[in-house]
Amino acid sequence: MNTAVITDALTPVLRLDQCRKGVAVRVTGLIEQPLFGAQDERVSLRLKELGFLPGAPLKVIGFGLLGSDPLAVQVNGTKFALRRAEAAKICVELIQQ
């Protein structure tokens with residue numbers, strides 16, 4: 001299963017771990033995270049099962065102590081806490097408000 005996001009050279013990729021608190025975004029896809037090694041596909045599958053699918057709207061709720069782990073997000077009405085490594089797998093685009 002290929003979970004990479006295909007973008008052209010002109011389109012910058014914004015990852016969920018790069019977003020500020022309070023920002024509303026939409027999932028565009030999942031990318032590989034070398035930190036997970038052989039388990040990367042399993043992590044991608046689990047994120048998809050939780051609702052981090054292309055087109056899903058997200059809201060960044062907050063961060064851990066001093067802006068570190070975990071990252072709190074809301075997707076489809078459910079709140080989740082993600083490690084920054086997991087959030088770095090999720091590519092997003094800003095939703096115009």
Side-chain angles (χ1 to χ4, degrees):
M1 176 191 319
N2 186 1
T3 58
V5 174
I6 299 173
T7 60
D8 60 35
L10 301 176
T11 306
V13 175
L14 177 64
R15 299 184 327 251
L16 185 58
D17 66 317
Q18 298 170 323
C19 296
R20 294 180 321 235
K21 180 179 177 179
V23 71
V25 295
R26 182 177 300 114
V27 177
T28 58
L30 301 176
I31 59 174
E32 291 183 18
Q33 173 57 279
L35 181 65
F36 293 116
Q39 298 299 316
D40 188 69
E41 286 294 323
R42 292 186 68 167
V43 174
S44 293
L45 179 60
R46 183 64 180 145
L47 288 170
K48 289 177 184 177
E49 290 172 344
L50 292 173
F52 294 92
L53 297 167
L58 300 176
K59 183 173 183 182
V60 178
I61 300 170
F63 304 97
L65 186 62
L66 301 174
S68 63
D69 284 345
L71 180 94
V73 297
Q74 185 172 3
V75 59
N76 296 325
T78 304
K79 296 176 185 172
F80 291 100
L82 300 175
R83 293 179 290 170
R84 285 205 174 263
E86 294 164 337
K89 290 183 62 59
I90 303 168
C91 291
V92 297
E93 64 184 5
L94 294 174
I95 296 176
Q96 300 299 326
Q97 296 181 352

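- Each side chain to side chain donor-acceptor pair (under 3.5 Å) pair with one or both residues in residues 72-81, not counting sequence neighbours, would appear here, but there are none.
- We find the CG-SG distance between Leu94 and Cys19 to be 6.5 Å, quoted to the nearest 0.5 Å.
- The structure places CD of Gln33 at 11.0 Å from CG of Leu47, a figure rounded to the nearest 0.5 Å.
- The ring pair (Phe, Tyr, Trp, His ring centres under 6.0 Å) analysis of residues 47-85, with sequence neighbours excluded, yields the pairs Phe52-Phe80.
- Atoms CZ and OG1, on Arg15 and Thr28 in that order, are 12.0 Å from each other to the nearest 0.5 Å.
- With values rounded to the nearest 0.5 angstrom, Gln18 atom CD is found 8.5 Å from Cys91 atom SG.
- Taking both residues in full, the closest heavy atoms of Lys21 and Ile61 are given as CE-O, 3.1 Å, listed atom of the first, atom of the second, then distance.
- For the atom pair CZ of Arg84 and CG of Leu16, the computed distance is 9.0 Å after rounding to the nearest 0.5 Å.
- Nearest heavy atoms, Ala81 versus Pro70: CB-CB, 3.9 Å.
- Checked for salt-bridge contact, Lys89 and Glu86 miss the test: no charged N lies under 4.0 Å from a carboxylate O.
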Inset, instruction - Determine, stepwise, if the pair Leu58 / Val27 fulfils side-chain contact (heavy atoms from CB on, under 4.5 Å). - result: CA-CA 7 Å; Leu58 300 176; Val27 177; 3.7 Å; yes
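- The minimum heavy-atom distance linking Ile95 with Val25 is given by the pair CD1-O, 3.2 Å.
- One finds the CG atom of Leu82 at 5.5 Å from the CD1 atom of Ile90 (value rounded to the nearest 0.5 Å).
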